[in-house]
Amino acid sequence: MDFNTDDAVSRRIKAFTDRVSMLKENDLYFYNQPIEEIRGGAKVLVHGREMGMYASYGYLGLLGHPRINEASRKAIDKFGTGTNGVRTLAGTLTLHDELEETIANFKHAEAAVTFTSGYVTNLTVISTLMGRGDYVLSDKLNHASIVDGCLMSGAEFRRFKHNDMDDLEHRLEQIPSGVSKLVIADAVFSMDGDVIDLPKVVEICKKHGAYLMMDEAHSVGVLGKTGRGIEEHFGLDDVVDIKMGTLSKTIPSVGGYVAGKKDLINYLRHASRAYIFSAALPPAQAAAANEAFKVILDEPWRVEKLRRNGELFINGLKSAGFDTMLTTTAIVPVLCGSDEQAFAMTREAQHHDVFVLPVVSPAVPEGQARLRATVTAAHEPGEIERAMDVIATAGKKIGII
Ligand SMILES: *Cc1c(COP(=O)(O)O)cnc(C)c1O
C-alpha cells in the first residue's frame, strides 16, 4: 500500500509528513536527534558539537554512576542479557525480588512489583484494578499513559480541572455511592513542573472513600529531603494507596513499579496482563535500578544540589522576564506562545549549544507552546547561568521577553 489514496489514514499521514518536512526545510525540526556521546552528566555530543543538556530526566545525574554501572555489569556476568520469559514462569530472578524489596523500603510500603516500562505500568495497573461500573478521576494534565490506562479499563472516566480540589470534590459528589472510585494524578506534572496538592487530595479521598494513585515519574529523587518523593515532601507517611513510578528518569534504567499494601501487590502479580504476558526486566536493568535507589540514599547531596539548581534556573528565567508558570521543581516550562515561536527558540538555543526541546500542541494547549527545560544535579551553577543567557538572548531576538 502506498498511502496515497484519499482515505482518512492516508490524509492523516500526509498532513503530518507535510508538517515535518516544512519544519525541516526551515531548520526548525529538532526531535529524534541522535546523541553520539554522553560526557559527564550534563554534556552531550550531537552532530559533533558539545551541548549542555537541558532536556534530560536524569534529575540526580546518576547516568554512568560507577556503582550503578558495576552492579549492571555483575548482573550480566551472572545472569546474561535477557530473562527468556515472563515473571510468572521462568523469568523471575533473585535480582527482581531484591529490586522490589528495595523499592518497597524506599517508598515506605509493604511491597512492590515491577514492570518493563512506566507506560506499561500505568496501562496495566489501572486497567487491572478498575473496570466497568467503577469510576476513575484523573487530573486534566495527567500523563498520556494514565489517560490510556483509564480508557483501557472501561471504567467511567472523569477528568477534573488541573490541581483544582474543589472541582475534584464536586465530581466525587456526583458519583453514586457504593461504587469503587480511584483518583489519579501526577505528583509533579510532566509539562508544567508544579506539584499536586497532596494533603488536600488525601483528605478528599478519605472523605469520599476513593482510592488514591500517584504517578511519581518526576518526583522520585526530586521531592522530599531524601528524595523519597511526594509523601516525604509534605511530611506525610504512607497516605497513597498506589504509589507508581518509573525506573527510567531519576533512576537510570528502564521499567516501572507500583508500591503499596501486600495484598494489592500480590493481586497485581497474579492479575495484571503486562506481568503475566510480557517478559521480565533484563538483569542489567533490574540491577542498575536496585543500586540507583541505594545511591540516592547514600549521596543525599544530589537531592540538595538539584533543589538549588532548580531554584537558580527558575529565578533566573523569571527575572529575565519569562513566564515559567507554576513550577517549583526541576521541570521548567519557558512559555513561548505559538508553536512557531517555540521552534524558533529551540533553534536559537541549540545553535548556541544549549540542548532544549519544544513542547507544542496538541501536547499542550494552543498558544502555550514552550521550551520544556530541565536541570539536574549534574549541572554546575556557572553552566546554568550560561544557558540562561543563551535563552534570554533568544527570547529577546524572537520577541518573547
Ligand atoms: C515518563 C512518564 C511515564 C512513562 O514512563 P516510562 O518509563 O518512560 O515508560 C509515566 N508517567 C509520567 C508522569 C511520565 O512522565
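What you see is a predicted model, and the numbers here were worked out from it, not measured in a lab. As the structure lists them, so they are numbered: ligands from 1, and atoms in each ligand from 1. Heavy atoms only: backbone and side chains are in, while hydrogens, waters and symmetry mates are out.
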Can you name the atoms of ligand 1, numbered from 1 with element, that are less than 4.0 Å from a heavy atom of [X]?
| X | answer |
| --- | --- |
| Ala217 | 2 (C), 11 (N), 12 (C), 13 (C), 14 (C), 15 (O) |
| Ser145 | 10 (C), 11 (N) |
| His218 | 14 (C), 15 (O) |
| His143 | 1 (C), 2 (C), 3 (C), 4 (C), 10 (C), 11 (N), 12 (C), 13 (C), 14 (C), 15 (O) |

Does NE2 in His170 sit with more than 12 non-hydrogen atoms of other residues, nucleotides or ligands closer than 6.0 Å?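 Check fails, neighbour count at 12 or below.
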Residue His162 excluded, over 12 heavy atoms near NE2 under 6.0 Å: yes
For [atom], what's the nearest protein heavy-atom neighbour? Residue, atom name and distance, please.
| atom | value |
| --- | --- |
| atom 1 (C) of ligand 1 | Lys249 NZ, 1.4 Å |
| atom 5 (O) of ligand 1 | Thr246 CG2, 3.2 Å |
| atom 13 (C) of ligand 1 | Asp215 OD2, 3.3 Å |
| atom 4 (C) of ligand 1 | Tyr119 N, 3.5 Å |

Quick check: [X] and ligand 1, any N/O pair under 3.5 Å apart?
| X | answer |
| --- | --- |
| Asp186 | no |
| Ser248 | yes |
| Gly118 | yes |

Tell me if the aromatic rings of His270 and Tyr275 count as close, with their centers under 6.0 Å from one another.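 His270 vs Tyr275: aromatic centres not under 6.0 Å.
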Does the separation of the ring centres of Tyr54 and His379 fall below 6.0 angstrom? yes
Lys181 to Tyr135 six-membered ring, cation-pi geometry met (6.0 Å, 45°): no
For side-chain contact (heavy atoms from CB on, under 4.5 Å), just list the numbers for Glu50 and Asp353, CA-CA rounded to whole Å, side-chain angles, deciding distance to a tenth of an Å, and then say yes or no. CA-CA 7 Å; Glu50 189 174 276; Asp353 301 330; over 6 Å; no
Tell me whether Glu216 is salt-bridged to Lys107, with the criterion being a basic N under 4.0 Å from an acidic carboxylate O.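 Salt bridge flag = yes for Lys107 with Glu216.
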Inter-residue atom distance Glu385.CD - Leu312.CG, 0.5 Å rounding: 5.0 Å
With a 4.0 Å cut-off on heavy atoms, is Gly256 in contact with ligand 1? no
